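A short worksheet on the structure shown next.
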Amino acid sequence: MDFKLSNGSLEIIMNGGVYEKPVMQVLGSKKIQGSGANERYRLLVSDGKHSHSFAMLATQLNDKLITGELSDYSVVQIDRFVTSVLKSTGKGEKRVMIILDITILAPGTEVGKKIGNPQSWTEESASSAPAPSPIKPAPKPSQPSNNFPKPSAGSNLNSSLLGSQMTHPIASLSPYQNKWVIKARVMNKSAIRTWSNAKGEGKLFSMDLCDDSGEIRATAFRNECEKFYDMIQIDKVYYISRCQLKTANKQFSSLKNDYEMTFTSDTVVAECTEDISTVPSVKYDFLAISDIANKSPDTILDTIGVCRAASDLQELTAKSTGKLLKKREVTLVDQSGSAITLTLWGNEAENFDANTNPVIAVKGARLAEFNGSKSLSCLGSTMLRTNPDLPDAHRLRGWYDHGGASAELVNISARVGGSSGISGEWITFTEAEARKLGSGEKGDYYNLLGVLTFTFADNAVYKACPQEQCNKKLVDQENGLFRCEKCNREYPNYKYRLLLGANVSDPTGDQRITAFNEAAESMLGKSAEEIGRMSEYDKNAYSQLFDEVKFKTFVFKFRTKMETYSDEARLKTTVMSAQPVDYKDANARLIKSIKALSGIEV
DNA sequence: CCCCCCCC
């Protein structure tokens, strides 16, 4: 097969001209520096006429080399690149090409040979080449090119300040080159923080910047913090130049960039108001809430959901540091039929308003796992947006306002207790009895597929102590205050909690059960908060909710233990979790039982 | 030059 290279494209590019998506052949590669995250590779590329050994691979493409995908003789289309002029040691200028995006058209194994007879490109060829000069670029192709920095035409900026009228892609920034101007949108901006340690004290704020090539974090300390804090605003676009670049500490940032920047006293920032639609705003990679359940703890992820409920602001003291923490737990729901808890901290927790059930887009939250249940937690770098103007957000709004609000949901963050998961064996009430479950000291856990045959709706919701760990039922003092006997305190506020008594039946028997807050929420498909409000303001909806849940089937995880009440021993069975039936799983279990019972070997 | 992501 024949592969056509973009013959002559290299000399146009090396002279600073424009060439859209050239097709070239890779003739070799060489590691030039660093290891791990700092690895960089140089490529020898050919357009059939010339070869050039100063093509650098952007680090995010390193994998393609390491995995062998980008082997020698590969024919590639260079979808996006920038060129940069290096002042090398005494030999004058040298232009390098930084490859940002690449499509492999044919693997090296298939091509198997050098195409054409390319001559090595040198800077001497540059001067003698007939290609257009950098000042007068080649005629533009019909499509506007993103390959080259565009002049920031008509900018309100003093060009001598910025030293250049061209903007550079964020992805091309490195500590090795300091003459650049970026045109970037502010995705996120931190609050001002102060620090005080052995090395001194001061204040700072940081911001996350992006353009269509990538993203980078920038931090302004002390004077620069003061100078720029008010000016920098989320979602606005700025020309920024003269910052110090340094290797990013990946431990503290999830942005996709090997470097981060620090504002210095030379730093120039000017707002850009023209032609800013080409600068992307925050890029999300939303996961459906149901899919979050399958991710590992500590994953940093983006999601979007409707805030169905939020806890009151809670104050607690961190055991390890003694720091006073403020938090609020927000329940997000989406069309995947799932709910998850998102924990907000500090100011974000304090200022959060759940009243209108806003759509919340969250970027860079951390997946936490506690006692087998998963939830999201905000980090300092997490971005939260309320009712963002995004298609996903509008879709969710429509869904929630037209039925989604009362949809039956699986709560990923519901607490599950005990050791074995729901994936364990299912047994029946008769089997539980035969095994004498609950007769021991510690209580026993088992899973069972059962139907909710009756719910005791009266008193299923109560006003509980607002203290995080307490949950004690409060005594209404009839004066606007509520008394907690356990904390020996009075509170003006409370949180609703559920304590649901019900009957569960399976084909072999039935059992009186108790479901505490989270388990009851997942059966009723609503938060304790919502149910609490219903109990006060909409009695009909309240009783309807408890009627509707009757005869629903769940996979229950129970904890059972014999307890004695006034000389009478009774099994106390508590719902640890209640999940809707996954019929694929349920059928697989049935088939297995049938095979076992009928003597067919499995 | 900092932040180590908090709690049940």
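From a predicted model like this one, the values you see are computed outputs, not experimental measurements. Lettering of chains follows the sequences in order, A, B, ..., and the numbering in each one begins at 1.
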Would you tabulate the side-chain donor-acceptor contacts of residues 221-228 of chain A under 3.5 Å, counting partners in other chains and residues two or more places apart, or write 'none'?
residue : atom : partner : partner atom : Å
A:R222  : NE   : A:E201  : O            : 3.2
A:R222  : NH2  : A:E201  : O            : 2.8
A:E226  : OE1  : A:K203  : NZ           : 2.6

Pairing residues for A:S206 by the side-chain contact (heavy atoms from CB on, under 4.5 Å) criterion, not counting sequence neighbours | A:S190, A:R217, A:T219
Whole-Å gap separating C1' (B:dC8) and CG (A:L344) = 16 Å
Hey, is the side chain of A:R328 pairing donor to acceptor with the base of B:dC7 inside 3.5 Å?
-> no
The correct set of residues in residues 185-208 of chain A placing a heavy atom under 4.0 Å from DNA chain B is A:R193, A:W195, A:N197, A:K199, A:L204
Candidates B:dC2, B:dC4, B:dC1 - which lies nearest the side chain of A:R222 = B:dC1
Quick one: list whatever passes ring-ring contact (aromatic ring centres under 6.0 Å, His included) with A:Y446, sequence neighbours left out.
-> A:F558
ring centroid sep under 5.5 Å plus plane angle under 30, A:F252 with B:dC2 | no
What residue pairs, at least two apart or across chains, pass side chain to side chain donor-acceptor pair (under 3.5 Å) with a residue in residues 292-306 of chain A?
-> A:D298-A:R366
Provide, to the nearest angstrom, the distance between the CG atom belonging to A:L376 and the P atom belonging to B:dC6.
-> 12 Å
Ignoring backbone atoms, test whether A:R366 places a side-chain nitrogen or oxygen under 4.0 Å from the OP1 or OP2 oxygen of B:dC6.
-> yes
Salt bridge check: are A:K363 and A:D208 linked by an N-O gap of less than 4.0 Å?
-> no
Protein-nucleotide distance (A:N249, atom CG; B:dC4, atom P), rounded to Å | 12 Å
Name the closest nucleotide to the A:L379 side chain, picking from B:dC5, B:dC7, B:dC6.
-> B:dC5
Would you kindly check whether a donor in the side chain of A:Q244 faces an acceptor in the base of B:dC1, or vice versa, at under 3.5 angstrom?
-> no
Phosphate OP1/OP2 of B:dC1 contacted by A:K246 side-chain N/O (<4.0 Å) = yes
Can you give each donor-acceptor pair under 3.5 Å made by side-chain atoms of residues 281-293 of chain A, sequence neighbours left out, with the distance rounded to 0.1 Å?
residue : atom : partner : partner atom : Å
A:K283  : NZ   : A:D211  : O            : 3.4
A:S290  : OG   : A:S336  : OG           : 3.4

